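Working notes, structure below.
Labels below follow one simple rule: chain letters A, B, ... track the order of the sequence lines, proteins then strands, and each chain is numbered from 1. Treat the numbers as computed from the prediction; the structure is a model and nothing was measured.
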2 protein chains.
Amino acid sequence: MTEETRTVFWQDGQVCLIDQRRIPFEFEVARYDTVEGVADAIRTMVVRGAPAIGAAAAFGVALAARQSRAGSVEGLLDDLRSAREVLARSRPTAVNLFWALDRMMRLAEGSAWESADALRAALLAEAQRIADEDIAINRRIGQHGAELVPDGATIIHHCNTGSLATVGWGTALGIIRTAALLQGKRVHVLVDETRPRLQGARLTAWELLQAGIPHTIIADSASGHYMRRHGVDLCLVGADRIAANGDTANKIGTYNLAVVARENGVPFYVVAPYSTIDMTILHGDLIEIEERDADEVKVIQGQPIAPAGSPAGNPAFDVTPNHYITGIVTEYGVIRPPFSVNLARLAAEIRGQSG
Amino acid sequence: MTEETRTVFWQDGQVCLIDQRRIPFEFEVARYDTVEGVADAIRTMVVRGAPAIGAAAAFGVALAARQSRAGSVEGLLDDLRSAREVLARSRPTAVNLFWALDRMMRLAEGSAWESADALRAALLAEAQRIADEDIAINRRIGQHGAELVPDGATIIHHCNTGSLATVGWGTALGIIRTAALLQGKRVHVLVDETRPRLQGARLTAWELLQAGIPHTIIADSASGHYMRRHGVDLCLVGADRIAANGDTANKIGTYNLAVVARENGVPFYVVAPYSTIDMTILHGDLIEIEERDADEVKVIQGQPIAPAGSPAGNPAFDVTPNHYITGIVTEYGVIRPPFSVNLARLAAEIRGQSG
């Protein structure tokens with residue numbers, strides 16, 4: 001995977017996805033020429049990560065338009081509505097999936113198209129725009145965030161927030177790329193493995209290895225030891241959802257890392273596109289925590305690691321209260337506490353610009 | 001494994017060890033009739049846990065005496081000294097191993113024996129005494145510690161401190177046994193899996209399942225989430241070494257758990273036999289941290305989980321500063337802060353009793 005390779009892209013009339021299920025052991029690009037195939041790829045987690053899923057769904061709509069034999073705009077719109085249903089059923093809880101589908105359908109239904117082919121071309125261009133925008137946002141996040149990274153920094157990074165979770169470049173990992181690859185800063189990344197699904201050990205380590213960025217994989221529970229004995233300059237994590245007061249839901253283990261970081265005086269930054277901030281949720285305790293299959297804890301790479309008769313708990317994410325968070329990095333810059341005030345101010349500014 | 005089964009025992013002239021490498025997937029008692037076999041079992045971790053290793057080595061010396069064809073006491077002593085060397089080389093850093101070997105050799109060399117067979121009998125009796133004492137100490141620890149466990153308690157337990165780490169009953173897990181099995185308290189144990197070697201998920205869950213004690217396996221990094229969202233009454237952990245000021249070296253992840261516990265107001269107890277307290281070490285920063293093989297992090301049950309080219313860090317334990325510790329439970333009772341004062345006072349009392 002080079003800097004130019006995208007996790008989700010369009011090539012020769014096909015939707016192409018880096019197959020993340022076997023990384024780091026096999027690198028394969030899966031290619032789809034039917035909308036059903038794309039939906040299945042989202043369902044089976046060939047592609048994962050909210051922005052990557054959104055882009056895959058957008059290209060899925062473009063693919064459906066190409067697949068359709070409709071000669072009329074109206075006939076094509078009918079086929080697109082069917083395709084939307086197929087894609088929407090693939091990961092029912094993925095917010096970005098619906099956001100991307102809605103954006104594609106708004107485009108299709110919002111204009112009087114000259115011809116079916118004109119609509120087909122517009123849909124492909126829109127999907128491409130969604131993918132391009134994701135990378136552009138990540139590049140801006142990287143520029144803002146890299147200012148927080150001193151030369152020679154040791155950084156703890158949680159889960160995978162890289163190219164594989166987005167269309168390309170990544171969010172928290174995008175900051176590390178910007179600092180190391182564009183600004184030439186020396187960094188060392190402590191990659192926590194991120195149990196139970198090991199996105200750190202499997203995906204983040206692989207991305208850093210490809211990029212030539214020095215790193216060391218550690219057990220999640222070793223983070224405090226490294227802060228005390230080795231010295232850590234900052235922690236960078238992503239976000240699944242950020243409440244209006246800055247409380248952040250993210251991959252399980254984020255809260256423990258944040259508490260240990262504050263205890264050791266290590267700055268702790270949440271990194272996410274602005275679209276992750278949900279101003280309708282007042283604070284983090286209102287966020288429901290998804291409980292996933294116990295076998296994600298009890299079985300690793302197909303091997304059981306615990307007695308079959310023992311139950312396991314598997315909360316997919318946790319909530320980090322805002323007072324553990326040093327700053328939230330978005331494409332608009334670094335937001336500092338008090339988050340309730342500063343997030344509201346930013347939202348008003350953005351409304352003002354677009355209104 | 002019943003309550004009566006021991007991890008280390010003598011039967012029909014053989015040293016018998018529960019083979020811990022394959023638990024929970026296979027339960028097998030390995031039997032040894034040569035001292036070389038016992039040394040190999042310690043080296044290859046058929047047996048692990050400091051007290052269990054000590055007892056295995058003591059029985060190994062008794063086995064060497066039985067193996068020896070010497071007719072004279074002097075001839076037998078020569079064979080015992082050779083056996084001691086074989087056993088001492090098995091796990092060079094295990095303090096309890098040397099403690100047990102020294103105790104056995106002091107007995108052999110400290111008296112004028114009537115006959116070689118009298119010495120043989122005395123050595124077997126001494127090894128049996130070491131094993132019995134370990135269980136008796138754990139039972140006393142259990143009685144003291146169970147007073148800290150309220151009825152209906154939810155307890156987070158780290159690593160394995162149970163029957164399998166000792167001759168029987170266990171230390172921190174012995175407290176849970178005492179509360180649940182002897183006092184009939186309802187408890188629920190959140191078993192953290194304890195990466196990288198998974199002693200929690202593999203061994204502790206298995207012991208609790210055998211004992212019929214309700215439990216749930218969780219990822220190490222989920223402990224804080226459970227404290228915040230589900231409510232946890234106390235944490236129980238073991239210890240590898242306790243400094244004179246109460247700072248505690250224990251399995252990696254103990255420090256993170258302690259920090260998150262204090263942040264959530266959850267009492268955090270260290271549980272260990274008094275022999276774990278090292279009054280010659282003033283504070284925890286003087287304790288050297290053993291770095292183990294990276295493959296313990298990168299390979300699980302024979303399956304790689306990370307890129308081959310990525311390095312991994314694998315500190316075997318960490319140090320928890322005394323101010324995170326609510327109390328230290330030994331066979332003498334629960335020691336409270338200030339630990340520097342109260343550990344010194346206890347040491348003086350014990351010296352007074354034995355002096």
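Judged purely by distance below 3.5 Å, without hydrogens or angles, the side chains of B/N160 and B/E207 pair a donor atom with an acceptor atom. A/S163 and A/R177 form a side-chain donor-acceptor contact under 3.5 Å, judged by distance and modelled atom types alone. A donor atom on one side chain and an acceptor atom on the other are not found under 3.5 Å apart for B/E263 and B/Y324. A donor atom on one side chain and an acceptor atom on the other are found under 3.5 Å apart for A/T216 and A/H188. Judged by distance alone, the side chains of B/H283 and B/N245 never bring a donor and an acceptor atom under 3.5 Å apart.
The greatest number of non-hydrogen atom pairs below 4.5 Å with chain B, out of A/I23, A/L209, A/L257, A/D318, is found for A/L209. Interface summary for chain A: among B/M227, B/R202, B/E193, the most heavy-atom pairs under 4.5 angstrom belong to B/E193. The most heavy-atom pairs under 4.5 Å with chain A, out of B/P304, B/G302, B/G309, B/A308, come from B/P304. The greatest number of non-hydrogen atom pairs below 4.5 Å with chain B, out of A/P321, A/A222, A/P315, is found for A/P315. Ranked by non-hydrogen atom pairs under 4.5 Å with chain A, the options B/A294, B/G313, B/A219, B/P214 are led by B/G313. The residue among B/V319, B/I305, B/T320 with the most heavy atom pairs within less than 4.5 Å of chain A is B/I305. Contact count versus chain A (heavy atoms, under 4.5 Å) is highest, among B/K298, B/R262, B/R228, for B/R228. In terms of non-hydrogen atom pairs under 4.5 Å with chain B, the most contact-rich of A/S223, A/G224, A/S310 is A/S310. Contact count against chain A (heavy-atom pairs under 4.5 Å) is highest for B/P307 among B/G200, B/A306, B/A201, B/P307. Between chain B and the residues A/L208, A/V297, A/N314, A/I289, the most heavy-atom pairs under 4.5 angstrom are made by A/I289.
In this structure a side-chain-to-backbone donor-acceptor pair under 3.5 Å is present from A/N250 to A/G238. In this structure a side-chain-to-backbone donor-acceptor pair under 3.5 Å is missing from A/T248 to A/V270. For A/D247 (side chain) and A/G284 (main-chain N/O), a donor-acceptor pair under 3.5 Å exists by modelled atom type. The closest donor-acceptor contact from the side chain of A/D19 to the backbone of A/A30 lies at 3.5 Å or more, if one exists at all.
Ring centroid separation for the pair B/H230 and B/H225 comes in under the 6.0 Å cut-off.
Proximity to chain A involves both the backbone and the side chain of B/D220, based on heavy atoms less than 4.5 angstrom apart. Residue B/D285 touches chain A through both its backbone and its side chain, counting heavy-atom pairs closer than 4.5 Å. Of the two parts of B/I252, the backbone and the side chain both hold a non-hydrogen atom closer than 4.5 Å to a non-hydrogen atom of chain A. Interface residue B/Q303: only side-chain heavy atoms are found under 4.5 Å from chain A. If you measure heavy-atom distances from B/T194 to chain A, you find no contacts under 4.5 Å at all. For chain A, the nearby part of B/L198 is the side chain; its heavy atoms alone come within less than 4.5 Å. For B/F25, the part lying under 4.5 angstrom from a heavy atom of chain A is the side chain only.
Ring geometry for A/W206 versus A/F27: interplanar angle under 30°, hence parallel rather than tilted (30 to 60°).
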